[in-house]
Number of protein chains: 2
Amino acid sequence: MDTKITLAIADDELLFRQGLMSILSKEKNLEIIFDAEDGNDLMAQLRATKQIPEIVITDLKMPGLNGVETTKLIRKEFPDIKIIALTSYFSKPFIINMISIGAVAYLAKNSTPKLMLTTINEVADKGFYYDTQVMKFIHEGLLNTNDQAKKSNFDTTYFTKREKEVLELICQQFTTNEIGEKLFISPRTVDGHRNNLLLKTESKNLAGLVVYAIQNKIVNLEEEF
Amino acid sequence: MDTKITLAIADDELLFRQGLMSILSKEKNLEIIFDAEDGNDLMAQLRATKQIPEIVITDLKMPGLNGVETTKLIRKEFPDIKIIALTSYFSKPFIINMISIGAVAYLAKNSTPKLMLTTINEVADKGFYYDTQVMKFIHEGLLNTNDQAKKSNFDTTYFTKREKEVLELICQQFTTNEIGEKLFISPRTVDGHRNNLLLKTESKNLAGLVVYAIQNKIVNLEEEF
DNA sequence: GAAAAATCAGGTAGAAATACCTATTTTTAT
DNA sequence: ATAAAAATAGGTATTTCTACCTGATTTTTC
């Protein structure tokens with residue numbers, strides 16, 4: 001048959017994006033319709049083009065509109081598009097969340113080109129593709145659905161108690177050192193927690209973290225006026 | 001007479017705070033009841049103590065609860081306390097805003113001890129004190145009340161078009177360099193705008209800026225879900 | 001009791017932000 | 001026309017943040 005698999009790619013790193021496009025464009029059965037530097041760019045192009053791609057490959061950590069929000073938007077406006085999420089962060093709750101949002105595949109950014117191609121073809125063919133590790137997480141996630149799935153909020157990525165404390169203080173403009181003093185832990189530990197927060201929220205920096213925290217009401221803004 | 005003027009001081013910089021206390025404690029007619037490292041600390045001590053200070057001297061730029069929010073809270077819970085605002089930023093709209101919020105004096109952080117004492121005594125005596133510069137601003141601000149006071153929003157500190165653009169992009173996790181590219185201006189210029197934003201919002205860092213932006217709806221979070 | 005998750009914390013680097021400074025040009029308002 | 005405000009942009013120094021790495025200890029979960 002002659003019908004190519006149509007793709008769009010979103011990633012803020014130009015080099016990575018072009019490298020990926022270079023690899024994929026060698027495949028005869030793939031056609032890259034366009035690429036985008038972030039979610040907003042991607043959405044704009046989707047809304048403008050007459051040729052809607054079959055698959056969107058999107059990084060999760062991008063400035064502007066990140067991968068999580070982008071995925072939600074695509075699902076809403078273009079429900080037929082299949083979304084492959086690219087990330088460097090693998091955790092059970094986060095993957096479960098991404099899948100529940102609508103990603104049909106979840107791929108590490110350091111995967112081999114071979115795996116990338118397999119994923120694309122499987123997604124085009126069957127509509128989804130999860131590798132062994134992801135399948136394991138999904139399996140375990142499903143097992144827990146009934147008992148304690150609700151208490152640990154899958155829909156807001158999942159934070160530990162310490163992480164919430166640190167996030168709260170970050171939003172209150174305390175620096176890493178100050179947070180360390182307040183919580184009686186080393187600044188390096190705060191560093192670690194902040195890093196996990198950045199990973200879990202797929203944020204590029206503090207600004208993204210704060211926006212996330214407020215949007216998801218992890219922190220309380222005292223608005224008593 | 002023997003009635004001393006009772007004071008509380010809030011400033012996050014320990015050295016500045018203690019220096020100020022050292023100066024003020026030499027005055028026989030002053031009594032410092034307590035000091036606090038930020039707005040939350042101040043409010044906690046106010047709520048706990050049985051001796052409410054007559055005057056609160058508060059820095060505007062503090063982590064946790066900053067001076068603007070602190071002033072609002074004090075006005076609400078302890079309407080009799082007179083608030084002297086300490087700042088390093090002098091602008092007409094901002095000062096007008098502070099006064100409308102309830103500050104009875106507005107003092108530069110690099111003022112002389114003499115001026116500080118004058119301010120305290122005048123505030124204790126007459127209930128307010130504005131130096132020449134501040135009076136000028138108030139005068140001009142009042143003149144404009146009818147025509148265009150409403151379009152330039154006094155109650156939300158006042159931002160220029162460029163500042164709003166930069167703020168928007170900061171909230172979208174773009175770095176200074178990236179913002180420069182997007183707006184076709186030098187990163188140094190973005191630096192300048194960001195610095196003005198920090199000054200105007202009395203924020204310590206990006207986190208404070210983002211919180212401010214969201215609270216005051218300067219930026220729009222695309223929440224279409 | 002074993003496994004997983006969370007918390008803790010060290011090192012090294014580099015990027016980004018922030019604090020100071022200064023100054024020119026352009027725009028806006030009166 | 002004059003003054004004020006806004007936008008532009010340079011330098012230097014320091015702090016903070018972020019990206020990597022690593023591992024130990026404690027707590028939770030099954």
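Chain A is the first sequence line, chain B the second, and so forth, proteins listed ahead of strands; every chain is numbered from 1. All values below come from the heavy atoms of this structure, side chains included, with hydrogens, waters and symmetry mates left out. Remember, predicted model here, so these are calculated numbers, not experimental data.
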Quick note, Leu198(A) side chain, CB onward, closest among dA7(D), dC8(C), dA19(D) is dA19(D)
Roughly how many Å is it from CD in Glu178(A) to P in dT16(D), rounded to a whole number? 7 Å
Measure across Thr176(B) and Asp191(B) and return the closest heavy-atom pair with its distance rounded to 0.1 Å. CG2-N, 4.1 Å
How long is the line joining NZ of Lys164(B) and C1' of dA5(D), in whole Å? 15 Å
Between dA19(D) and Lys61(A), is there an OP1 or OP2 to side-chain N/O distance shorter than 4.0 Å? yes
Less than 4.0 angstrom between a side-chain N/O of His193(A) and OP1 or OP2 of dA9(C), yes or no? no
Atom-pair distance (CD on Glu163(A); P on dT7(C)), nearest Å: 6 Å
Distance-only donor-acceptor test (3.5 Å): side chain Arg188(B), base dT18(C): no
Are the side chain of Thr201(B) and the backbone N or O of Leu197(B) linked by a donor-acceptor pair below 3.5 Å? yes
Integer-rounded Å distance: dA7(D) P and Lys200(B) NZ: 8 Å
Which of dA19(C), dT18(D), dA16(C) is nearest the side chain of Thr175(B)? It is dA16(C)
Are any of Ser186(A)'s side-chain N or O atoms less than 4.0 Å away from OP1 or OP2 of dG10(C)? yes
Thr189(A) side chain, from C-beta outward: closest of dA9(D), dC8(C), dT18(D): dC8(C)
Can a side chain N or O of Lys161(B) be found less than 4.0 Å away from OP1 or OP2 on dA5(D)? no
Over how many whole Å does the gap from Arg194(B) atom CZ to dA7(D) atom P extend? 16 Å
Distance in angstrom units between Asn196(B) CG and dA19(C) C1', rounded: 13 Å
How about CG on Leu14(A), more than 12 heavy atoms from neighbouring residues, nucleotides or ligands closer than 6.0 Å, or not? yes
Report the residue (Asn205(B) or Arg162(B)) whose heavy-atom-nearest nucleotide on DNA chain D is the more 5′ of the two. Arg162(B)
Which whole-number value in Å describes the distance from Phe184(B) CZ to dA9(D) C1'? 18 Å
If you check the Asn177(B) side chain, which of dA16(C), dA19(C), dA7(D) turns out closest? dA16(C)
Residue whose closest nucleotide on DNA chain C lies nearer the 5' end, Leu183(A) versus Phe174(B): Leu183(A)
Using the ring of Phe128(A) (Phe, Tyr or Trp, six-membered ring only), decide whether Lys82(A) places NZ or CZ under 6.0 Å from its centre and within 45 degrees of its axis. no
d(CG, Leu206(A); P, dC17(D)) in whole Å: 6 Å
Modelled atom types, side-chain donor and acceptor of Gln45(B) and Asp41(B), under 3.5 Å: yes
